[in-house]
Amino acid sequence: MSASELSQLEFDQQHLWHPYTNVAKPGPTFVVKEGEGVHITLGDGSRLIDAMSSWWCMMHGHRNPAITQAIHDQLDRLPHVMFGGLTHDPAIDLGRKLLDITPNSLTRIFYCDSGSVSVEVAMKMAVQYQHACGFAGRSQFATVRSGYHGDTWKAMSVCDPDTGMHHLFQGALSVQHFVPRPPIRMGEDWVEDPAQNGIGALRALLEANAEQIAGFILEPVVQGTGGMYFYHPEYLNQARCLCDDLGILLIFDEIATGFGRTGEMFATDFCTVEPDIICLGKGLTGGHISFACTMTNDRVALGVGGGNPGIFMHGPTYMANPLACAAAKASLDLLTAQDWRGTVAGLAEQMQAELAPARDLANVRDVRVLGGIGVIEMQHRVSADEAHARAHEMGVFLRPFGHNIYCMPPFITTPDQLSEITAGMLRLAREL
Ligand SMILES: *Cc1c(COP(=O)(O)O)cnc(C)c1O
């Protein structure tokens, strides 16, 4: 059959690659025709609640009128212009907004296209900063296990070695330094003993390799893709002190945690310290268009600028794309104009109550909630493909990974809709 005779879905299965899939064995895939609010409408007319916020970014729901209007308006004026030697209001207005809501010390903004690229940019900044300070040997990174930072090379090198399949890419990946993930969980009492709270291992690693390490990068408080694991923010406060003592930059990857998802505006806000560099993405445009940024403090930015060559060696073609900037500004305006803290606390409270029965199931290892993130951790790995069909019957789109059946509902999810999501999760936990 020629490609033109294939149905839409057949064409998709024979020619389009999907995330983390085997082209020889593509799993069940739904054709989506339309999105509105919490719903996506499929080709057969059925509607599903997008309990994933489309990989954690669609926090105001699909096709939010304020965001689509901002994109339309910008489209009619200036869809794109290069950022070399030129600037524009959307980039400046978004910058003002970001400075308003992010940790105070972060004053310099680098706009880029996706989360992975923002991690690349952060790591390049750290290396260039160290170089400018006279430490050309500091080009490696330390991180914690079970992390996830994206799929490009340098980002992948600091992802968990097992789930990131480092053995497969051996020789092609930069060697980095790993410590166990922070052992004390969010909500547990902090333990001062460095042998138990993870700081001892971190200190040993950083001290032994300080002359090679440019930065310590990790996801603050919530490890997302690496296991939906929530850990104690005191780990980050103490890591800050260690980094300061050793001249190592502290980099927080807030791509998943930013913009209210954890119950704070940023996971950094659970800490008493601030990072040197922060990566933002995912929810930045409310899920309407790909965008990300890397922010840093004056010390790092001016440090890079004072070195040789002084220029920062990065500049994507679509840097500060005006459509993306306008979408992000509209999304952040929406967020800060509402009682987002109350909204997220409401989601958390309801998920706590409605997911609790899963604790009694034999196959369930743990149930946990933080802000707008609800997780049922199973004893065994769960098949996303099997979950698909069952969740579809329940009118919910859920895509578990690893051991975790989880949701990150849009902030506009009503209590009734959230009950449908949690019912779907409980059913998956019982049946899979
Ligand atoms: C999703 C994610 C990334 C990668 O972002 P992309 O936009 O997919 O490149 C990096 N870090 C964290 C913590 C993420 O959750």
Side-chain angles (χ1 to χ4, degrees), residues 17-21 52-59 102 110-126 141 143-161 163-165 173 176 178 181-182 186 215-231 233 236 250-262 264-268 270 275 277-295 314 316 318-319 321 324 327-328 331 370-373 375 399-402 404 406-408:
W17 223 307
H18 283 258
Y20 300 100
T21 48
M52 317 307 299
S53 291
S54 275
W55 264 345
W56 325 347
C57 38
M58 198 73 62
M59 60 192 171
T102 49
F110 190 102
Y111 293 123
C112 48
D113 320 54
S114 74
S116 302
V117 174
S118 79
V119 171
E120 299 287 328
V121 165
M123 295 174 84
K124 275 168 96 167
M125 258 178 209
F141 289 83
T143 188
V144 296
R145 286 191 172 259
S146 305
Y148 177 77
H149 299 285
D151 292 345
T152 52
W153 285 111
K154 213 52 164 186
M156 190 165 57
S157 75
V158 285
C159 291
D160 184 82
T163 56
M165 303 238 167
L173 275 185
Q176 314 292 15
F178 292 88
R181 71 181 185 185
M186 184 75 170
F216 176 47
I217 180 169
L218 74 176
E219 297 153 277
V221 181
V222 175
Q223 291 191 307
T225 307
M228 292 289 157
Y229 175 75
F230 312 149
Y231 66 87
L236 300 165
L250 181 61
I251 306 171
F252 284 177
D253 177 349
E254 288 247 18
I255 292 167
T257 47
F259 311 114
R261 180 53 71 182
T262 63
E264 292 288 341
M265 182 58 88
F266 297 97
T268 305
F270 286 108
I277 304 177
I278 200 168
C279 299
L280 302 176
K282 291 208 164 90
L284 179 56
T285 63
H288 284 57
I289 187 167
S290 176
F291 202 46
C293 72
T294 311
M295 295 179 65
H314 209 97
Y318 284 94
M319 186 166 182
N321 173 253
S331 177
L370 180 69
I373 312 171
V375 186
R399 192 166 175 82
F401 66 79
N404 296 314
Y406 76 99
C407 68
M408 289 213 195

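Whatever order the structure lists ligands and atoms in, that order sets their numbers, starting from 1. As a basis for the values below, the full set of heavy atoms in this structure was taken, side chains included, without hydrogen atoms, waters or symmetry mates. Only a predicted model underlies this, so the values are computations on that prediction, with no experimental measurement involved.
Under a 4.0 Å criterion applied to the non-hydrogen atoms of D253, ligand 1 contributes the atoms 10 (C), 11 (N), 12 (C), 13 (C). Per-residue contacts place K282 under 4.0 angstrom from the following atoms of ligand 1 (heavy atoms of the residue considered): 1 (C), 2 (C), 3 (C), 14 (C), 15 (O). Heavy-atom proximity to A256, at under 4.0 Å, picks out these atoms of ligand 1: 15 (O). Which parts of ligand 1 touch G150 is read off a 4.0 Å heavy-atom cut-off, strictly below it: atoms 4 (C), 10 (C). Heavy-atom proximity to H149, at under 4.0 Å, picks out these atoms of ligand 1: 10 (C), 11 (N). Ligand 1 places these atoms under 4.0 Å from at least one heavy atom of S116: 4 (C), 5 (O), 6 (P), 9 (O). With ligand atoms numbered from 1 in the order given, ligand 1 contributes 15 (O) to contacts under 4.0 Å with heavy atoms of W56.
Looking at E219 next to ligand 1, no N or O pair under 3.5 Å apart turns up.
Because its NZ or CZ atom is both nearer than 6.0 Å to the ring centre of Y229 and within 45° of the ring axis, R181 counts as a cation-pi partner of that residue.
Each of C293, P316, C279, S118 was scored for a side-chain contact (heavy atoms from CB on, under 4.5 Å) with F110, with one residue passing: P316.
Between the CD1 atom in I373 and the CE atom in M408 there is a gap of 4.0 Å [rounded to 0.5 Å].
Nearest non-hydrogen protein atom to atom 7 (O) of ligand 1 is G115 N, 2.9 Å.
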